[in-house]
Amino acid sequence: MPMWHSDVSTSSEKFVIRPNRSTTGKGIALLLLGVGTITIGVAVRFWLIGAWMVMPFAILEMLALGYAFVAVERKTRFCETIELDEETVSVVQKNWNATK
């Protein structure tokens with residue numbers, strides 16, 4: 001987990017902890033578009049030679065992959081801030097949930 005450290009003053013410390021995120025939302029969309037293009041292209045080829053049942057499963061596969069990417073992206077929005085003072089320790093958890 002990457003940590004960001006900021007020395008606000010000599011008597012207090014602040015740490016921001018968030019999960020690793022290897023790509024951005026745009027990168028996830030481009031990856032999904034690329035994989036979807038290849039998958040649907042192969043499914044169309046099978047459909048044209050008579051194996052039409054490949055297409056519904058390809059579409060289901062892309063929907064499941066898209067849902068998985070969205071679920072992982074939502075989990076990476078979590079952030080935890082730890083602030084150390086001379087007398088207190090405070091921990092604040094933030095979850096930027098898109099559904100709330």
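If you chain together hydrophobic residues whose side chains sit under 4.5 Å apart, Trp52 and Ile40 fall into the same group. Phe57 and Val54 fall into different hydrophobic clusters, where Ile, Leu, Val, Met, Phe, Trp and Tyr residues are linked whenever their side-chain heavy atoms come under 4.5 Å apart, directly or through other members. By the criterion of side-chain heavy atoms lying less than 4.5 angstrom apart, applied directly or through intervening Ile, Leu, Val, Met, Phe, Trp or Tyr residues, Trp47 is grouped together with Leu63 in one hydrophobic cluster. Taken together through direct or relayed side-chain contacts under 4.5 Å among Ile, Leu, Val, Met, Phe, Trp and Tyr, Val35 and Phe69 form part of one hydrophobic cluster. Hydrophobic clustering of Ile, Leu, Val, Met, Phe, Trp and Tyr side chains at less than 4.5 Å, counting indirect connections, keeps Leu30 apart from Met62.
Separating the CG atom in Leu65 from the CD1 atom in Ile28 is a distance of 10.5 Å, to the nearest 0.5 Å. Remark: Glu83 CD to Lys14 NZ distance equals 6.0 Å, nearest 0.5 Å. Remark: Ile59 CD1 to Thr39 OG1 distance equals 11.0 Å, nearest 0.5 Å. Interatomic distance, OG1 of Thr37 versus CG of Leu32, reported as 9.0 Å (0.5 Å rounding). Expressed to the nearest 0.5 Å, how far OG of Ser90 lies from CG of Leu84 amounts to 8.0 Å. Going from atom OG1 of Thr81 over to atom CZ of Arg18 covers 7.5 Å, rounded to the nearest 0.5 Å.
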I would like to know whether Cys79 and Val16 meet side-chain contact (heavy atoms from CB on, under 4.5 Å); could you show each step before the answer?
-> CA-CA 7 Å; Cys79 175; Val16 179; 3.5 Å; yes
Should Val44 and Met55 be marked as a side-chain contact (heavy atoms from CB on, under 4.5 Å) after you check the CA-CA gap, both sets of side-chain angles, and the distance that decides it?
-> CA-CA 7 Å; Val44 165; Met55 184 62 81; 3.4 Å; yes
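Around CZ of Phe46, the count of heavy atoms belonging to other residues, nucleotides or ligands within 6.0 Å does not exceed 12.
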